[in-house]
Amino acid sequence: WFAAREARNELAGYREDLSVAHDLANAAGDLALQLRYALMDATLAELASNLKPGLIARFMATGTWTQAHALAWARLARDPQQTLQTVTQALRQAGADERDELAALALDTAAAIADSDNRVLSVADLAEHLPASLLPQALSIVASCDNEGSRSGGLKALARHLPLQLRRQALALIDQF
């Protein structure tokens with residue numbers, strides 16, 4: 001079941017299958033099956049978390065995994081920063097037709113980082129890889145940081161990559177400190 005889904009790059013579908021199976025076991029009151037499916041899902045997430053970005057990059061470089069396959073595993077990782085490293089690596093290697101989708105995924109992943117300082121730094125680091133259409137969202141994420149020092153530093157780093165109008169907004173936010 002897992003091998004077939006994984007071979008077709010359907011990890012998200014496999015997790016959905018586990019969720020449906022868990023719900024059915026729950027409706028039937030079968031605690032053993034509920035636990036089995038919960039453990040299967042937890043094992044998959046743990047395995048994904050143990051796949052370090054460098055290893056995933058090596059799998060892509062050697063052709064062992066396609067970019068889509070690598071990203072599917074990266075999305076399962078529990079740590080958004082780890083996922084972001086993999087997505088950013090894929091973004092750097094992507095062709096023009098894939099860049100916008102990967103950039104959006106990278107920005108969404110960075111925005112999900114719980115620690116505001118790391119979130120701001122991650123978004124600022126991504127700026128050079130983002131298309132113009134995503135830069136306003138990046139500015140919004142950085143500007144919403146509660147930590148004034150991180151926000152100021154993030155805005156300064158981000159400003160270098162912004163078009164003139166957004167750069168003015170960023171600099172105006174910095175001047176508010």
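The model shown is predicted, which means the values in this text are computed figures rather than measured ones. Heavy-atom basis, side chains included; hydrogens, waters and symmetry copies ignored.
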Subject >> Partner residues of Lys52 under the side chain to side chain contact (heavy atoms under 4.5 Å, CB included) criterion, sequence neighbours left out >> reply: Gln82

Original post:
What's the shortest heavy-atom distance between His161 and Ala127, and which atoms?
Top reply: CD2-CB, 3.6 Å

Subject >> Rounded distance (nearest 0.5 Å) linking atom CG of Asp30 with atom CZ of Arg36 >> reply: 8.5 Å

Original post:
Residues in salt bridge (Lys or Arg N to Asp or Glu O under 4.0 Å) with Arg15, at least two apart?
Top reply: Asp41

**OP:** Kindly state each residue pair satisfying salt bridge (charged side-chain N to carboxylate O under 4.0 Å, His left out) with at least one member in residues 98-120, sequence neighbours excluded.
**Re:** none

Original post:
Tell me, which pairs form a salt bridge (charged side-chain N to carboxylate O under 4.0 Å, His left out) where one or both residues lie in residues 70-96, sequence neighbours left out?
Top reply: Glu46-Arg78

Subject >> Ser140 (side chain) donor-acceptor with Pro136 (main chain) under 3.5 angstrom >> reply: no

Original post:
At their closest point, which heavy atom of Ala90 faces which heavy atom of Leu102, and how far apart are they?
Top reply: O-CD1, 3.8 Å

Subject >> For Ser133, all residues meeting side chain to side chain donor-acceptor pair (under 3.5 Å), sequence neighbours excluded >> reply: none

Original post:
Of all heavy-atom pairs between Ala110 and Leu126, which one has the smallest distance, and what is that distance?
Top reply: CB-CD1, 3.9 Å

Subject >> In one Ile/Leu/Val/Met/Phe/Trp/Tyr side-chain cluster, 4.5 Å: Leu91, Met60 >> reply: no

Subject >> Minimal non-hydrogen separation, Asn9 against Ala72, with atom names >> reply: OD1-CB, 3.4 Å

Original post:
How long is the gap from CG on Leu71 to CD on Gln89, to the nearest 0.5 Å?
Top reply: 11.0 Å

Original post:
For Leu84 and Ser122, which heavy atoms make the closest approach, and how far apart are they?
Top reply: CD2-CB, 3.5 Å

**OP:** Give me the one residue out of Leu162, Leu155, Leu139 that meets side chain to side chain contact (heavy atoms under 4.5 Å, CB included) with Gln169.
**Re:** Leu139

Original post:
Under the 4.5 Å side-chain heavy-atom rule for ILVMFWY, direct or indirect, which residues accompany Tyr37?
Top reply: Trp1, Phe2, Leu11, Tyr14, Leu18, Leu33, Met40, Leu44, Leu47, Leu51, Leu55, Ile56, Phe59, Trp65, Trp73, Leu76

Original post:
Below 4.5 Å, heavy atoms only, C-beta onward: do Val120 and Arg151 meet side chain to side chain?
Top reply: no

Original post:
Is Leu158 reachable from Leu121 through a run of hydrophobic residues whose side-chain heavy atoms are each under 4.5 Å from the next?
Top reply: no

**OP:** Please indicate whether Arg167 has more than 12 foreign heavy atoms, meaning atoms of other residues, nucleotides or ligands, lying under 6.0 Å from its CZ.
**Re:** yes

Original post:
When you look at CG of Asp146, are more than 12 heavy atoms from neighbouring residues, nucleotides or ligands closer to it than 6.0 Å?
Top reply: no

Original post:
Do other residues, nucleotides or ligands put more than 12 heavy atoms under 6.0 Å from the CZ atom of Arg58?
Top reply: no

Subject >> Closest approach of Leu130 to Ala103 (non-hydrogen atoms, all atoms of both residues) >> reply: CD2-O, 3.8 Å

Subject >> Donor-acceptor pair, side chain of Ser144 and main chain of Ile141, under 3.5 angstrom >> reply: yes

